[in-house]
Amino acid sequence: MTTPSKAARVRFAPSPTGFFHVGGARTALYDYLLAKKTGGAFIIRIEDTDQKRYNPKAVSNLLEGLRYLGLDWDEGPEVGGDYGPYYQTQRLEIYQKYIQELLAKDRVYRCFCTPERLAQVNQERQKAKLGPGYDRACRNIPPDQSARRAEAGEPFVIRLKVPLEGSMTLHDIIKGDVTIENQMVQDAVLMKSNGIPTYHFAVVVDDHLMEITHIIRGDEWVSSFPIHLHLYNYLGWEPPAFVHMSVILNPSGKGKMSKRETRAPDGRVYPVFLHTFKEMGYLPDALFNYLALVGWSYDDKTEIMTREELIERFSLERISSSPAAFNYEKLDHFNGLYIRNLTVEDLTDRLMPYLEAAGLKADRETMLKITPAIQERLTVLSDAIAWVDFLFVDELPAYDLNLLVPKKMSLADMPGILQNARAILAGADFSHDALDTALREGAKAVGLKAGQMFQPIRVAVCGKKVAPPLFDTLEVLGRETVLKRIDSALERLEAGA
RNA sequence: GCCGCAUUCGUCUAGGGGCCCAGGACGCCGCCCUCUCAAGGCGGUAACACGGGUUCGAAUCCCGUAUGCGGCACCA
């Protein structure tokens with residue numbers, strides 16, 4: 001099996017039960033890459049057959065996530081297509097038709113067992129250390145009797161008649177041949193008592209009808225592939241190619257990636273939902289690039305790749321069969337690289353929404369001036385808030401005066417230094433280079449190291465020790481504000497507060 | 001319990017019998033640069049899970065063990 005050169009039809013088929021998770025995003029990304037590489041179609045199909053877990057917000061969250069990542073789909077919700085509907089609950093008659101066909105062929109059977117009996121059977125099997133399972137009690141009910149009971153209104157599900165002997169082999173593109181004995185396979189429920197199909201049935205019918213060529217899905221499905229393959233056989237259909245991917249692990253490499261976002265002891269949030277990546281300010285291109293590398297590699301050196309290169313170079317064969325941990329540090333590194341590659345205008349435009357969301361009255365003109373100074377300091381776009389907030393307040397929030405004090409100096413030295421600095425700044429030309437010269441010479445004149453003078457100024461003006469480079473900051477702030485803030489610091493020092 | 005899958009530096013990976021006393025990247029450590037913080041440059045630390053085979057030769061093939069993960073729902 002090799003990656004085909006002919007157009008592939010690949011679907012991403014999520015169940016709308018919660019927020020769009022990065023694990024799903026990676027699967028969708030590979031779907032997308034394969035579709036684009038082969039000039040085929042990337043399809044979204046909503047597998048909403050579980051009414052109990054259905055979450056009405058899930059679909060829009062999913063679609064927004066896909067758009068954020070730039071995974072535009074050719075067929076599916078909102079865009080339509082020739083193979084719809086793309087919501088399984090809108091395809092119930094279709095499943096009904098094929099389940100009847102299987103019933104007629106005697107490849108499936110009605111099961112009248114109650115949930116209570118099923119639970120009891122499971123319990124007994126557990127006791128016998130057999131693991132859960134169904135005892136096939138209804139498998140041999142004669143067809144006429146079965147039909148009569150159904151007509152009488154007795155509730156039933158429809159199960160697959162899995163052969164009692166033999167085995168099934170799957171030719172997986174990543175894993176190679178995997179064989180499972182039919183004995184190990186349950187008579188899976190295909191149709192629930194409410195007339196809605198289960199995943200196992202709907203997926204086979206839809207993939208065939210939608211002419212899907214490659215099923216890329218998670219590892220958790222390999223043990224149920226016999227069910228699907230039997231179904232293809234019974235229906236007389238040609239199965240598509242299967243690609244089972246390993247799960248994504250937690251950063252530690254132990255345990256699979258958590259389904260929920262958690263806060264680390266240091267307060268940092270490790271995003272797992274696409275909307276959180278977006279809120280934090282991960283660039284779509286950076287996430288796209290990084291995600292492609294979680295479980296796939298191009299060669300022994302190349303990591304930074306554009307979307308076009310990724311599409312060009314992607315191949316199913318190079319997807320790793322072992323699980324991969326999600327490395328946030330590396331993602332951050334990628335994001336930093338991508339941010340630094342942006343033009344100042346582009347970066348600024350991307351920054352504005354984050355500043356607004358943080359409640360800052362930032363204007364684009366000012367940002368255009370400061371962006372170059374913070375560009376190389378950003379890991380994610382939302383970091384900008386802490387870098388520029390002092391530019392957009394009338395008055396600085398009270399900061400700890402001890403922050404003013406450089407190493408080897410004391411609070412008592414501050415008034416003198418600040419007064420001196422104020423005098424220099426009052427007469428200086430407020431441009432980067434002129435400030436540089438004036439301040440350095442001023443420090444030298446009074447026997448101070450540049451840093452010893454810069455820190456008090458920085459803190460007085462920014463209210464924090466870590467801020468953009470001083471001269472850029474002063475220039476953007478302007479003389480008036482700078483002097484005002486220094487005066488304010490001096491007043492507070494005098495007051496001893 | 002049974003079945004399946006996986007196992008190279010802390011992490012992502014290259015490697016498909018000799019090119020590997022194992023290459024790249026993130027992280028980490030050190031140095032340089034430096035007004036804070038970054039960015040950047042240079043250098044460094046660190047791995048073939050274990051035990052048997054096969055072979056002249058194994059990270060690469062086979063078997064077993066261990067560990068991890070997944071599955072065994074009227075959930076997907």
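Naming: A, B, ... by sequence-line order, numbering from 1 per chain. Just so it is clear, the values below take in all heavy atoms, side chains as well, and ignore hydrogens, waters and symmetry mates. This is a predicted model, so every value here is computed, not measured.
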Novice: In whole Å, I'd like the distance from the CG atom of A:Asp172 to the C1' atom of B:C5.
Specialist: 10 Å
Novice: Flag the pair A:Val22 / A:Met257 as yes when at least one side-chain heavy-atom distance between them is below 4.5 Å, and no otherwise.
Specialist: yes
Novice: Tell me which nucleotide, if any, is Watson-Crick or G-U wobble paired with B:G27 when both distances must be under 3.5 Å.
Specialist: none
Novice: Nearest-nucleotide wise, let me know which of A:Val247 and A:Gln186 is further upstream toward the 5' end of RNA chain B.
Specialist: A:Val247
Novice: Strictly by Watson-Crick or wobble contacts shorter than 3.5 Å, is anything paired with B:G18, and which nucleotide is it?
Specialist: B:C56
Novice: Touch check for A:Gly131, heavy atoms < 4.0 angstrom, all strands: base, sugar-phosphate only, or nothing?
Specialist: base
Novice: Do A:Ser193 and B:C74 have a side chain to base donor-acceptor pair shorter than 3.5 Å?
Specialist: yes
Novice: If you check the A:Met184 side chain, which of B:G24, B:G4, B:C2 turns out closest?
Specialist: B:C2
Novice: Partner lookup for B:C33, please. Criteria are Watson-Crick or G-U wobble with both distances under 3.5 angstrom; report none if nothing qualifies.
Specialist: none
Novice: Is the CD atom of A:Glu93 crowded by more than 12 outside heavy atoms at less than 6.0 Å?
Specialist: yes
Novice: Strictly under 6.0 Å, is that where the ring centroids of A:Phe314 and A:Tyr30 end up?
Specialist: yes
Novice: Answer yes or no: does a side-chain N or O of A:Lys52 lie under 4.0 Å from OP1 or OP2 of B:C75?
Specialist: yes
Novice: Less than 4.5 Å apart, any side-chain heavy atom of A:Thr481 and any of A:Arg485?
Specialist: yes
Novice: Verify whether the ring centers belonging to A:Phe471 and A:Phe454 lie closer than 6.0 Å.
Specialist: yes
Novice: For a quick check of understanding: with a heavy-atom distance under 4.0 Å over all strands, which category does A:Thr302 fall into, base, sugar-phosphate or nothing?
Specialist: nothing
Novice: Write down the distance separating the C1' atoms in B:C33 and B:C42, rounded off to the nearest Å.
Specialist: 11 Å
Novice: Would you kindly compare A:His432 and A:Asn194 by the position of their nearest RNA chain B nucleotide and give the one closer to the 5′ end?
Specialist: A:His432
Novice: Rounded to the nearest angstrom, tell me the gap between atom CZ in A:Phe242 and atom C1' in B:C5.
Specialist: 17 Å
Novice: Between atom CE in A:Met245 and atom P in B:G4, what is the gap in whole Å?
Specialist: 23 Å
Novice: Can you tell whether the side chains of A:Arg91 and A:Asp48 come within less than 4.0 Å, N to carboxylate O?
Specialist: no
Novice: Between B:C56 and B:U67, how far apart are the two C1' atoms, rounded to whole Å?
Specialist: 34 Å
Novice: Side chains of A:Ile216 and A:Ile173, heavy atoms from C-beta outward: is any pair under 4.5 Å?
Specialist: no
Novice: Check whether any side-chain heavy atom of A:Pro155 lies under 4.5 Å from a side-chain heavy atom of A:Phe112, and answer yes or no.
Specialist: no
Novice: What string of B, S and - do you get for nucleotides 8-19 of chain B, 5' to 3', if B is base contact, S is sugar-phosphate-only contact and - is no contact with any protein heavy atom under 4.0 Å?
Specialist: ---BBSSS----
Novice: Quick one: are A:Tyr87 and A:Val59 in side-chain contact, heavy atoms under 4.5 Å?
Specialist: yes
Novice: What interatomic distance, in whole Å, is found between P of B:U45 and the corresponding atom of B:G23?
Specialist: 11 Å
Novice: Looking at every strand, decide which applies to A:Arg159 at a 4.0 Å heavy-atom threshold: base, sugar-phosphate, or nothing.
Specialist: sugar-phosphate
Novice: Please report the distance separating the P of B:A39 from the corresponding atom of B:G27, rounded so that it comes out in whole Å.
Specialist: 8 Å
Novice: Without decimals, in angstroms, what is the distance between A:Lys129 NZ and B:C2 P?
Specialist: 9 Å
Novice: Please state how far atom CD1 in A:Ile248 lies from atom P in B:A6, giving the value in whole angstrom units.
Specialist: 18 Å
Novice: For A:Val178, answer base if it contacts any base atom (sugar-phosphate contacts may also be present), sugar-phosphate if it contacts only those atoms, and nothing otherwise; contact means non-hydrogen atoms under 4.0 Å.
Specialist: sugar-phosphate
Novice: Nearest 0.5 Å, what's the CH2-CD1 distance between A:Trp387 and A:Ile374?
Specialist: 8.5 Å
Novice: What integer number of Å spans the P atoms of B:A6 and B:G10?
Specialist: 22 Å
Novice: Reading nucleotides 36-44 of chain B from the 5' end, what letters show protein touch, with B for base, S for backbone sugar-phosphate only, - for no heavy atom under 4.0 Å?
Specialist: BBBSS----
Novice: Checking base pairs now: Watson-Crick or wobble, both atom distances under 3.5 Å. What partners B:A6?
Specialist: B:U67
Novice: Please measure how far the C1' atom in B:C9 lies from the corresponding atom in B:U55, and state the result in whole Å.
Specialist: 29 Å
Novice: For the P atoms, the ones on B:A47 and on B:G24, what distance do you get once it is rounded to whole angstrom?
Specialist: 14 Å
Novice: Given atom OH of A:Tyr109 and atom P of B:C74, what is their separation to the nearest angstrom?
Specialist: 11 Å
Novice: Looking across every strand, which nucleic acid part, if any, lies under 4.0 Å from A:Pro115 by heavy atom: base, sugar-phosphate, or nothing?
Specialist: base
Novice: Work out how far the C1' atom of B:C28 is from that of B:G64, and round it to whole angstrom.
Specialist: 37 Å
Novice: To the nearest 0.5 Å, what is the distance between CZ (A:Arg318) and OG (A:Ser320)?
Specialist: 10.5 Å
Novice: What nucleotide, of B:C74, B:U7, B:G27, holds the atom closest to the side chain of A:Ser321?
Specialist: B:U7
Novice: Quick one: look up who B:A39 pairs with, Watson-Crick or G-U, both distances under 3.5 Å, and put none if it's unpaired.
Specialist: none
Novice: Using atom CE of A:Met191 as one end and atom C1' of B:C74 as the other, report the distance to the nearest whole Å.
Specialist: 12 Å
Novice: Is there a side-chain contact between A:Lys192 and the phosphate of B:C75, meaning an N or O under 4.0 Å from OP1 or OP2?
Specialist: yes
Novice: Are A:Pro251 and A:Asn327 side-chain neighbours, meaning at least one heavy-atom pair lies under 4.5 Å?
Specialist: no
Novice: Consider the side chain of A:Glu47, meaning its heavy atoms from C-beta on, and name the nucleotide among B:A76, B:G1, B:A6 that approaches it most closely.
Specialist: B:A76
Novice: Report the distance from atom CD1 of A:Ile227 to atom P of B:A76, rounded to the nearest whole Å.
Specialist: 12 Å
Novice: Could you tell me if A:Asp177 and A:His171 have a donor-acceptor pair between their side chains, going purely by distance under 3.5 Å?
Specialist: yes
Novice: Is the phosphate of B:A76 approached by A:Thr49 (side-chain N or O, under 4.0 Å from OP1 or OP2)?
Specialist: yes
